[in-house]
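The following block contains the structure, expressed as structure tokens.
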Amino acid sequence: MSTYRLEIITRDKVFFDEEVNEIVARGVEGDFAVLVNHSPLVTFLKIAPIKIYDSEKKLREASLTGGLIKVNPEKVTILAEAAEWPEEIDVERAKAAKERAEKRLSDNKYDIVRAEAALQRALMRLNLSEKYNR
């Protein structure tokens, strides 16, 4: 078998549920790839794009706002707060979120950790959108 099932579930929907050849994700300890028959693994994911190589090894990328990944040899499940394809990203909304987060980071009365996470999400979405929607 040269593929395995990848399921990405967000708070409000099943974002992705297909056979894939490989994924590359960013865990808390760095980037890692999952190939067929990967050893079992459970780890947290960072805010970063996920690379998905389908059964024909064609690459698709999506924004992923962190979450948890559970890897088994035949199936990988990702639970994420949100996920989007580049063409689904609302660029104006992401720009506004970036500006808001930058303002909050410069003002000491806001939760810095939350503002940094918001800035990371906005930058990831803007970078991914720019990469695919030039």
Q. Hey, is E18 close enough to R5 for a salt bridge, meaning N to O under 4.0 Å?
A.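 Salt bridge between E18 and R5, a charged N being under 4.0 Å from a carboxylate O: no.
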Q) What do the steps show when you test M124 against T65 for side chain to side chain contact (heavy atoms under 4.5 Å, CB included), and what is the final call? A) CA-CA 9 Å; M124 173 195 54; T65 57; 4.3 Å; yes
Q | Ion pair check, E61 and K131, cut-off under 4.0 Å | A |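 A salt bridge links E61 with K131.
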**Q.** side chain to side chain contact (heavy atoms under 4.5 Å, CB included), paired with I78, selected from L64, T10, V71
**A.**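 The single option meeting the side chain to side chain contact (heavy atoms under 4.5 Å, CB included) with I78 is L64.
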**Q.** Main-chain N/O of V113 paired to D111 side chain as donor or acceptor, under 3.5 Å
**A.**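 Pair found, side chain donor or acceptor close to backbone of V113.
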Q.
If hydrophobic clusters are built by linking Ile, Leu, Val, Met, Phe, Trp and Tyr wherever their side-chain heavy atoms come under 4.5 Å apart, do V36 and F32 end up in the same one?
A.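 In one cluster: yes.
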Q: Would you please test N21 and S55 for side chain to side chain contact (heavy atoms under 4.5 Å, CB included) and show each step?
A: CA-CA 5 Å; N21 184 271; S55 56; 5.8 Å; no
Q) Which pair of non-hydrogen atoms, one from Y53 and one from K57, has the smallest distance, and what is that distance? A)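 Smallest heavy-atom distance, with atoms named: CD2-O, 3.8 Å.
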Q: Run the ring-centre check on W85 versus F15 and record whether the distance is less than 6.0 Å.
A: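 They qualify: ring centres under 6.0 Å apart.
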Q.
Quick one, I89 with L128, criterion side chain to side chain contact (heavy atoms under 4.5 Å, CB included). Give me CA distance, side-chain angles, the key distance, then yes/no.
A. CA-CA 9 Å; I89 293 171; L128 193 59; 4.3 Å; yes
Q.
Test of understanding: clusters of I, L, V, M, F, W, Y form through side-chain heavy atoms closer than 4.5 Å, transitively. Do I47 and V28 belong to the same one?
A.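 No.
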Q: Provide the closest heavy-atom pair for Y4 versus V76 in the form atom of the first, atom of the second, distance.
A: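 In terms of heavy atoms, the two residues are closest at CE1-CG2, 3.4 Å.
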Q | In one Ile/Leu/Val/Met/Phe/Trp/Tyr side-chain cluster, 4.5 Å: L68, I23 | A |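 No, L68 and I23 fall in different hydrophobic clusters.
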Q. Do V34 and L45 belong to the same hydrophobic cluster, where Ile, Leu, Val, Met, Phe, Trp and Tyr are linked whenever their side-chain heavy atoms lie under 4.5 Å apart, directly or via other members?
A.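 As far as the 4.5 Å side-chain criterion goes, L45 and V34 are connected within one cluster.
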Q. Is S106 reaching over with its side chain to a backbone N or O of K103, donor-acceptor style, under 3.5 angstrom?
A.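 Checked: pair present.
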